Every structure is written in C-alpha cells, then in structure tokens.
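Written out below as structure tokens is the structure these notes cover.
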Amino acid sequence: MKTIALYSIKGGVGKTASAVNLAYLSSLTAPPTLICDLDPQGASSFYFRIVADKKYSSKKFLKGNKKIYNNIKGTDFDNLDLLPADFSYRNLDLELQEEKKPQKKLKSNIQELNTEYPYIFFDCPPNLTLLSESVFAASDVILVPLIPTTLSLRTFGQLLEFFKENKLDTGKIRGFFTMFERRKAMHRQIVEEYGGKKRFLSQIIPYNSEVEKMGIYRAPLNAVRPHAPAALAYKMLWEELMHEIA
Amino acid sequence: MITHLVPVVFSISEVFDIERITENPDISFSFEAQPQKKEPLHLYDTFDWRAWNKNTAIILSRNQLNLIDIDNGKKVSSVGFRRTPQSFFPEEIPDDKTRSSLQAFSKPRAFLRYGTVSTLSQSMRVLDRNMKTVATIEIRSILPSFAQEQEQKRFITLTPVKGFHKEFEKLTRHILTTPSYAEKSTYRNFFIALLDAISCEPGINASKAPVKLHPDNTILDSARELLLSTLAVIHANETWIPKNIDTEFLHDYRVAIRRTRSILARLQGILPPEELLTYKQAFRELGRRTNDLRDQDVYLLEADRFRELLPPAMRNSLNLFFTDLRNRHKKELRSFSRHIASEKHKRFLQEWESFLRSDPPSDPDRTPEARRITSDVAVASIRKAWKKVLRHGRTTSPEATDTELHALRLDCKKLRYLLEFYSSLFPRKTLRQVVRQLKNLQDNLGLFVDLSVQQDYLTTYLSSLERGEEVLPLAASIGGLVTALHHKREAVRKEFHHRFEKFDRTETETMFNELFKPYRQP
C-alpha cells in the first residue's frame, strides 16, 4: 500500500482537484483506490456526491480501522472508493490532542486497509496542525500543489522548514505547479526557475476553466473530459509519479 | 475484512412491468434508465468444465472477460479482452489475477467457447437525493435461439454500491413487495438459463471421475460399466480433436483407448472369445492410428526444451525440423479426422456400445468367469499384476537393458490401470499411498522410454534427410540433440535400480496387503 497526501498550507491551490483526478487515474491503473477526505469542508466528498452517514463523525474516524472501513462508500466509478469527511472533522485537532501519540494516529488507523487498496489518497485541509503532522507520518508521498506565485513558494519553504525542525523526512515532499498561465511573466519565470529542481515534479498542470467546472460535473475531470488540457496534464503527472514511486 | 458486494437476482415473468417499481411514490429514489441494448454473452469453460466445477462462470461481454462466482454472482475478476476467439489459453491473459485464477482451473487446457447467448440488457442507475448512484439495476432478457420455442427468460440483477447497504436492503424489499411479478432467484439459476439457451449441460464431459463399482456385482457388469465410461470419454474427445485446439484432447482420447484395451485384456472367460478378439484388435488399430499424431504433439510441445539442449548457435537450424513436423502434423490430423468422421468408424463405435449395453447370452462354456464377483477379480488381478512387476524388476540385469525397462514399464502401467479401474472398491487413503509408490517407479521408467522413443525418432528422421550441403546444419543440430538425449537417458537408466529398490520394500508390501484387507477371505 502506498499513501499519497495532497497537502498545502495555503488554500485554493488545487488540492482537491488534484486528489480527485489522481485518485481516479490510480483506480484505473492500480485498482482499487481509496480517497480519504480529511477536510471538514468536504469538497472531494461533494465532487463524488457522497454524504457521510449521520452517525459518522471525527470520533469514529479516530477509532480507526473497522469504524473507518464501515464508512467507506463506493463512488460512481469502478474501483474508486471514498471515505467522506464530516463537518465534525473541524474538531479533529482538539480531539487528536487527547490521544496518546497523535502523530502516529492516522498511520495506525488505516493499517488494516493495507490489504485492500494499493493506493490511498488523503485530501487534506489547508493548515499546519496536529492533523497535518499525523498525515505527514502516515504518508509515503506528500504532494504539494503550488500556484507559481511567490506566496505559494513561501509556504512551500515554510513546510520544508517545519520538516527540518521536527526532524521529519523531507524526501517525502514533492511540489508541482498548478493553474499555470503562460501569459503571466511571473508564472513563466517561477516555473522556469523551479521546474527541474530537487523535490519538484516536472509535469505542470495548466490553468483550465474545465477544472472549475468539476463542481458542476461532480466527477473527476479525467472521467468526463479526458481530453481537456488539465486532464491530459494530470495523466502525465500520475505517470511521472508512478514512475518515481515504483 | 472485504465486504462482499453480492448482487441479488430476481426472475421475472412475461408480464413484469418495471414502471411499477420505478414509479412507486413510496420510494425515495429516482431511476435513471440507460438505453436498452442487444448484448451477446459468450460462455467459456474448459472441455471438462473445470471452471463450472469450481463454481465459476466465465463470461465474455462488452470486451470484458469476467470470472463470476456462480454461488453469489459476485465478480471475481475482470479483464479487457477485445476478441471472441473459439478458444484461448490462460497464458494469453495479461492480467495477473485473472490469469492465475484460470490457471488454477487448468494450466494445459484451452478454454473453449461453448456458445453465445443473445440477450437484451437494460441498465438503470438508482439515485439518491444527491443524484449519487446507490445501486444499479439490470434487466436482462435471454433471447431464445430460433430452434427453440420456449418462452423468453428474464432476470433482474440488483447490484449494491459499497457503503450504501441500507439503501440496497430497502430496494430489495421494495422490489419484492411491489406487485410486479418479480421473484427472488439466484445467479446460479440465471447462469443455468444461459447454458440452457445454448443447449449446454455442464459437466457432461467430466467423465474422468472414477466409476463407482459395487464389490458384489458380477465382474461382467462392472467391466461393462467401466468400458461404457471410457467410451464416453472417447466420444467426447472425438468432437474436439479435429479442431486442433489443445493437445490434451488427443491425449485423453489415447488414454481412454489404452484403458479400454487394458480392460479387454483382462476379460478372458468373461466376454465371448470371438467378440473379445475382434474388439481387442479394433481398439489396437484405433490406438495405432493416433501414434504419429501424439509423437508430433509431444515434439512440438517440447520444442523449447529441445532448443535449450543445444548451444545457442545450433538452435536455429532446428526450425526446419519443427516446420517439417508441423506440416506432417497437419496432414496427419486431417487424415485422422477423416477417419473418425467416417461411417465405418461411427458404425464401429455404435456396435461397440450396443454390445456393451445388451446382455450377452449366458453361456458357461464360453464365458465361465462372467459371474465371478467384482471384488474377487479385482484383488486377484491386482495381486497378480503387482507380483509380476516385482518378479520382472528383481530379475532385471544390473545393466538394465532397453528391452527389460520397456517391458517393465508396461507391467507397471497395467498395474496402475487396474488400481484406477477398481479404485472405488478400496480405502482411498491406502490406495493413494500405493499409487504414490508406484508412480515414483513409473516416472523413472516413463522418462526412460520417452527419451528412447525420441532418440529413435530423431535418428530415423536423420537418415531420411536428403543428402546435400543445405541440410548440414540441421543434421548437426539433430545429431547434437540425439547425443544430449542419450546422456539424459543414461542418467535415468542409472537411477532405475535405486527407484525399484524403493518400490520393492516391506512397506509397499504392507500397503498392498492393507489394500486387500476388506476383501480377505475368513
């Protein structure tokens, strides 16, 4: 089992779109795939039209394995399952503090899913909290979408700094550029500077209004518009990532 | 930990109306119907129904090869498959999971297309308030073929989506309680309806199972039962041999003939002598007709191993030999197929069958042994054959000559067949131990004889080559092959005495006596 987190301190950089599309691609190449929506806003759950059961909550999530397993839902796509987020996830951080080893919690909670899913994706909320630390420990790869702006790069630097200070494995971190617009000089300049660097994937996701329409389609872009420029880019990104993981 | 997504199958009658289900105001789901389409389902299994025997349906449809658990209708595996071949082998399947499942049913055998069922299929998605699919419904009508005048069979399959179990249960209840003429059925019923549509009866060829004999029946009755069962194998394989799908058909066919002959050899005084002689000769002749074909099959199967026996530089020149072999095989197969299709051959098998089925006049002069009871004959003939193996084995010279080993191999084979014929009379566990002991010896002898036959064949082939420079590389390769086979054979020969000693032990004797124990005279 490989676990991949879509993570960024900053919001609105394309975490959910990336998680949904990459998980969909993974379900085609290495079925079945699970996507865990960890964001109380529940955007990826929304994309798949899935609402958590009324009885499901952050408390059940923290109980782990069996409780998690029973709440996994099949999406409308073969071999792609989702663990929906619940609004109570906003309390996850507080609740994690009461646990004995909060950083290791997520890792042990999903252990039993090991045999069933070759790939698990985490769609993370945008902040740097105890939950994020738990995600860092549970993930084999931490994918960080970045809009080619100075502000995005700054948060990427902050993340690396945090890893170093806490003696975490920075080798897990991979940045990649999203919402790239060729007509913008700064985008071009940043991509050129960081494109081939260590800890960066070379594939870039272009700005594509089709990505925003995912909220209307309520399905992965790669499933409904596989030839859209962004969909093609996600496909290349997934291949690059698979190559690196394998 | 895996929760099974087990579909529920309903059978529905002609008057079934889906709208009663979808337009019932009591249900909080909406239904999104996909257009109805014609969908042919291609059904595959091995010749001897190995997948069916392991409760698995193999269905190719919509370019997907699906393995489905017949007990619950759950898809075991699925792989893209863009053809609808007459037959395929497991190793052609790229997907690991599907391939290994198929190989677990049968490694050497081809999967054959038993038939294609035309169906009409209409899918429907069941949606909740968020327009999320919570289950799928499929209404499938099996279209009768023109020959049949039966009513159209129709089934509904309700397939759950993970995590929506409550909705699924609600839907199942809904379908059952709505007066829509739907009745709960099973996937097995659906699959049997598919087989019915192509007039297939599964398991019909699976006659390899040992015949169950009764120890107190007369040997005449038991022998007839055994011969009828081998005849069924002969019949079943004759349909497939001409199609040249896999070599196992011919192999099974030959085994059935050899068994028939081996039983006949033991029926002196049990069947009338004239008939016995006629049929013995006829089956020997039938077996002989397949000899060349089987040899060619074996060489073609062993092609890779033959190549590997030679140094790489000499391998390519063997291609000529194999091409030649393939051409001969083609010719031979055509000729043999003509034979089994001939009136003469068909009449022969018919006569044989009616001979077996009719009661011969009881004539104590011509058939004095016919009324002996089966267990007596079984024990006596097994004991005799076993002693013969021991006698011949013990007198084999230290050099173990070709003649000695050839003869001993036949003795062992006879003993083995007897053990198989009468297997239903003996305790399973002891029998298995005895057979294991014998098999160990047989493997050695079998390999020895195979290597001898191969050498002879190649030597004959070599002398049949026309002289000329262009055949030199081929001749050199064949020569190399003969040498390599010779070395292997000598190694096998050296091993013989050791193997025989392992068979000729008190332990084996105890096992045989244990085998006969239930029938020991007081």
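Since we're looking at a predicted model, the values are computed, not measured. Letters go in sequence order (proteins before strands), and every chain restarts at 1.
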Answer with yes or no whether the side chains of A:Glu133 and A:Gln103 bring together a donor and an acceptor at under 3.5 Å. yes
Below 4.5 Å from any heavy atom of chain B, which atoms of A:Asp81 appear? Answer side chain, backbone, both or neither. side chain
Just checking heavy atoms, which of residues 78-87 of chain B are less than 4.5 Å from chain A? none
Keeping B:His42 on the side-chain end and B:Ser61 on the backbone end, is there a donor-acceptor pair under 3.5 Å? no
Which word best sums up how the rings of A:Phe136 and A:Tyr7 line up, parallel for under 30°, tilted for 30 to 60°, or perpendicular for over 60°? perpendicular
Point-to-point distance, once rounded to the nearest 0.5 Å, from CE of A:Met1 to CG of A:Leu113: 6.5 Å
With a 4.5 Å cut-off on side-chain heavy atoms, are B:Lys54 and B:Phe105 touching? yes
Does any non-hydrogen side-chain atom of B:Arg140 lie less than 4.5 Å from one of B:Leu41? yes
I need the full list of salt bridge (Lys or Arg N to Asp or Glu O under 4.0 Å) pairs touching residues 38-55 of chain A, with sequence neighbours left out, sorted by first then second residue. A:Asp53-A:Lys73
Any donor-acceptor pair under 3.5 Å from B:Tyr187 side chain to B:Ile68 backbone: no
Sort by residue number and list every member of residues 126-133 of chain B having a non-hydrogen atom under 4.5 Å from chain A. B:Asn130, B:Met131, B:Lys132, B:Thr133
Less than 4.5 Å apart, any side-chain heavy atom of B:Ile93 and any of B:Leu65? yes
Keeping B:Thr98 on the side-chain end and B:Asp95 on the backbone end, is there a donor-acceptor pair under 3.5 Å? no
Would you check if there is a donor-acceptor pair between the side chains of A:Tyr69 and A:Glu116 at a distance under 3.5 Å? yes
Without hydrogens or angle criteria, can the side chains of B:Arg188 and B:Asn55 be said to hold a donor-acceptor pair below 3.5 Å? yes
With a strict 4.5 Å heavy-atom criterion, list every residue of residues 19-29 of chain A that contacts chain B, or say none. none
From the list B:Trp49, B:Phe88, B:Trp52, ring pair (Phe, Tyr, Trp, His ring centres under 6.0 Å) with B:Tyr44 holds only for B:Phe88
